[in-house]
Amino acid sequence: MKDHFERVIDYMRISITDRCNLRCRYCMPADGFTNIIPREQILSFEEITRLAEAAAKLGIHKIRLTGGEPLVRHGIVDLISRIHAVEGIHEIGITTNGILLADMADDLKKAGVSRVNISIDTLDPEKYASITRGGKLDKVLAGIEAAKRVGLTPVKLNVVALGGFNEDEFGDFIEMTRNEDIIVRFIELMPIGHADLGDSYGFISNKEILSRFPELVPVENEKYSVSDDFQLPGGKGKVGFISALSNHFCSSCNKIRLTSDGKIKPCLHSNDEIDMKGPLTLSDDELLEALRASVNRKVEHHLLNEGAAPIERDMNKIGG
Ligand code: SAM
Ligand code: SF4
């Protein structure tokens with residue numbers, strides 16, 4: 001499926017829940033339950049699978065499950081098996097905070113997941129508990145080890161760059177890529193939703209990080225990659241920079257997003273949403289038409305740097 005700007009759209013991110021077992025300061029309000037999506041509005045597995053089938057018919061080959069925290073949704077392994085069985089879906093990934101991964105990695109792999117992105121902003125247990133409002137770092141580290149052991153590889157680590165909070169650890173994260181085929185990706189902090197965006201940390205651009213590590217050499221980016229990739233000389237892994245604000249990657253955007261309450265978001269940084277109005281109530285043709293319409297509503301590039309309206313949905317209700 002192509003959009004109006006000749007971009008091939010072959011990737012759908014599905015947020016399967018807005019619930020989470022952490023409360024990262026930049027993502028969710030402290031009381032994550034104040035404006036939670038009512039359970040009856042959350043898409044069922046039947047609805048998600050039907051949407052995946054329709055999307056596959058239109059050329060979506062790759063699916064990533066996210067959230068909230070996808071691993072807290074009961075029955076996720078069953079959901080993955082269903083999506084894996086959809087003709088045309090060639091790759092299923094998960095973005096997770098890793099807290100529950102150690103116990104689930106094996107089942108996820110067997111059900112059809114090929115790779116995982118694990119979010120980890122600090123390697124210090126106290127700082128981790130502070131930024132996530134109570135998370136246990138050792139669980140994430142065990143999750144990373146389990147992902148490697150069962151072959152959910154190459155593991156990607158997502159690190160939100162937080163000025164004044166984890167700046168002193170950027171070098172440690174980069175060092176992890178020297179002897180291991182691991183991909184560390186620095187993500188610029190994005191102004192989304194109602195989270196705390198800066199009382200205890202500030203925006204730091206990827207350009208600034210790169211300037212501090214001149215030894216990093218550029219390498220070819222993956223096709224449709226959202227990151228600019230680099231490597232330590234002789235390093236086994238890679239270091240990526242996801243610069244949604246300072247150097248957006250809209251011209252190579254190949255995705256649409258499905259929220260857990262059944263809205264298609266053509267662009268992460270826009271409030272535009274297309275309500276799928278209960279995918280089981282639509283005919284096959286209506287469903288395909290609705291998906292096509294959402295791809296046609298993709299904008300050429302986001303306007304965050306040009307004063308666009310702030311994004312209303314919290315990040316845990318969109319899925320990063
Ligand atoms: N719970 C899972 C996790 O943390 O990986 C999946 C959902 S989370 C919303 C997906 C990604 O979005 C995470 O890597 C997280 O760090 C990132 N994220 C959340 N809020 C953000 C913000 N305001 N700016 C930049 N990245 C953000
Ligand atoms: Fe939960 Fe992920 Fe948001 Fe953290 S970033 S609160 S783990 S959804």
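We count ligands from 1, going down the list as the structure has it; atoms in each ligand are counted the same way. In what follows, every heavy atom counts, from backbone to side chain, and hydrogens, waters and symmetry copies are set aside. The first residue in the sequence is number 1, and the count goes up from there.
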S.K.: Kindly identify the option in Gly98, Pro70, Ala161, Ser119 whose heavy atom sits closest to atom 3 (C) of ligand 1.
M.R.: Ser119

S.K.: Taking the six-membered ring for Trp and the full ring for Phe, Tyr or His, determine whether the centres of Phe170 and Phe186 are under 6.0 Å apart.
M.R.: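 Yes - the distance between ring centres of Phe170 and Phe186 falls below the 6.0 Å cut-off.
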
S.K.: Do Glu69 and Thr96 get their side chains close enough for a donor-acceptor pair, meaning under 3.5 Å?
M.R.: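 The answer is yes; a qualifying pair exists.
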
S.K.: Check each atom of ligand 1 against the heavy atoms of Asn158 and keep those under 4.0 Å away; list them by number with element.
M.R.: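 Going through ligand 1 atom by atom, the ones under 4.0 Å from Asn158 are 14 (O).
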
S.K.: Atoms of ligand 1 less than 4.0 Å from Thr96 heavy atoms?
M.R.: 2 (C), 3 (C), 5 (O)

S.K.: For ligand 1, which atoms have a heavy atom of Glu188 less than 4.0 angstrom away?
M.R.: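 This gives 25 (C) as the contact atoms.
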
S.K.: Is there a side-chain contact between Leu43 and Ile14 (heavy atoms, below 4.5 Å)?
M.R.: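 A side-chain contact under 4.5 Å is absent here.
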
S.K.: Under 3.5 Å, side chain of Glu167 to main-chain N/O of Gly164, donor-acceptor pair present?
M.R.: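 Present.
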
S.K.: Can you list the ligand 1 atoms lying under 4.0 Å from a non-hydrogen atom of Val160?
M.R.: 16 (O), 26 (N)

S.K.: Considering distance alone, does some N or O of Asn117 sit under 3.5 Å from an N or O of ligand 1?
M.R.: no

S.K.: Quick one about Asp229 and Ser227 (side-chain donor to acceptor, distance below 3.5 Å, no hydrogens or angles considered), yes or no?
M.R.: yes

S.K.: Should Gly68 be listed as contacting ligand 1, given a heavy-atom distance under 4.0 Å as the test?
M.R.: yes

S.K.: Work out whether the distance between some heavy atom of Ser119 and some atom of ligand 2 is less than 4.0 Å.
M.R.: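 Judged by the 4.0 Å heavy-atom criterion, Ser119 does not count as contacting ligand 2.
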
S.K.: What atoms in ligand 1 come closer than 4.0 Å to a heavy atom of Gly67?
M.R.: 7 (C), 9 (C)

S.K.: Backbone or side chain, does Cys24 get an N/O/S atom under 2.8 Å to atom 4 (Fe) of ligand 2?
M.R.: yes

S.K.: Only heavy atoms of Cys20, strictly under 4.0 Å: list the atoms of ligand 2 that pass.
M.R.: 1 (Fe), 6 (S), 7 (S), 8 (S)

S.K.: Just checking, is any N or O donor in the side chain of Asp261 or Thr259 under 3.5 Å from an acceptor N or O on the other one?
M.R.: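 Short answer, yes.
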
S.K.: What I want to find out is whether Arg25 reaches Asp121 closely enough, with some N-O distance under 4.0 Å, to be called a salt bridge.
M.R.: no

S.K.: Looking at Cys27, which atoms of ligand 1 are within less than 4.0 Å of one of its heavy atoms?
M.R.: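 Going through ligand 1 atom by atom, the ones under 4.0 Å from Cys27 are 19 (C), 20 (N).
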
S.K.: Keeping the roles fixed (side chain from Lys109, backbone from Gly151), state whether a donor-acceptor pair exists under 3.5 Å.
M.R.: yes

S.K.: In the structure I gave you, are the side-chain heavy atoms of Ile42 and Arg73 within less than 4.5 Å of one another anywhere?
M.R.: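 Result yes, sub-4.5 Å side-chain heavy-atom pair found.
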
S.K.: Thr66 heavy atoms, cut-off 4.0 Å: which ligand 1 atoms fall inside?
M.R.: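 Reading through ligand 1 atom by atom, the close ones are 6 (C), 7 (C).
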
S.K.: Looking at Lys139, I want to see if its NZ is surrounded by more than 12 non-hydrogen atoms of other residues, nucleotides or ligands under 6.0 Å.
M.R.: no

S.K.: Out of all atoms in ligand 2, which are within 4.0 Å of some heavy atom of Asn97? Include the element for each.
M.R.: 7 (S)

S.K.: If you count the atoms of ligand 1 from 1 in the order shown, which ones are under 4.0 Å from a heavy atom of Glu69?
M.R.: 1 (N), 2 (C)

